[in-house]
Amino acid sequence: MELIFSGYGVEIHKQEGRYFLTFDAGGIVDEYKTFEITQDEAMRAQESGEDADWVINHYKNIERLGEDYMNR
C-alpha cells in the first residue's frame, strides 16, 4: 500500500486504484480501523480535520446502520 496522506488523525493509502482510510477508533487503548473509501472521499478527507471527521462518521454510520443509513 502506498501512503498518500497522513494528517488530521487519519492515514490514506492507495492500493491497486482503491483508497483506504485508517484512523484510531479506540479510547484508552489504540484500536485502528480501516475503511475502503472513494477517491472523492480521499480528496475530501485531506482538506481539513472537519472533512476527515465527516468521512470517518459517514463510514461509522454505514457500519452501524447498514442499509437503513444508505437508504436515507
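For the atom pair K14 NZ and F5 CZ, the distance stands at 16.0 Å (nearest 0.5 Å). The CD atom of Q39 sits 11.0 Å away from the CD1 atom of I12 when rounded to the nearest 0.5 Å. One finds the CD1 atom of I4 at 5.5 Å from the CD atom of Q46 (value rounded to the nearest 0.5 Å).
The neighbour count for M1 CE, taken as heavy atoms of other residues, nucleotides or ligands under 6.0 Å away, is above 12. When the shell of 6.0 Å around CD of E50 is examined, it contains 12 or fewer heavy atoms from other residues, nucleotides or ligands.
Legend: residues meeting ring-ring contact (aromatic ring centres under 6.0 Å, His included) with Y19, ordered by chain and number and at least two apart, are absent. Under the side-chain contact (heavy atoms from CB on, under 4.5 Å) criterion, D30 pairs with D24, Y32, not counting sequence neighbours.
A side-chain contact (heavy atoms from CB on, under 4.5 Å) with H13 is found for exactly one of L21, T34, L3, namely L3.
Every pair passing salt bridge (charged side-chain N to carboxylate O under 4.0 Å, His left out) that includes a residue from residues 51-65 is listed here, sequence neighbours excluded: K33-E63, R44-D51.
Hydrophobic clustering keeps F35 apart from F20 (ILVMFWY residues linked when any side-chain heavy atoms are closer than 4.5 Å, directly or through intermediates). No continuous path of hydrophobic side-chain contacts links Y8 to M43 [ILVMFWY only; heavy atoms under 4.5 Å].
Considering every non-hydrogen atom in both V10 and A52, the closest pair reads CG1-CB, 4.3 Å.
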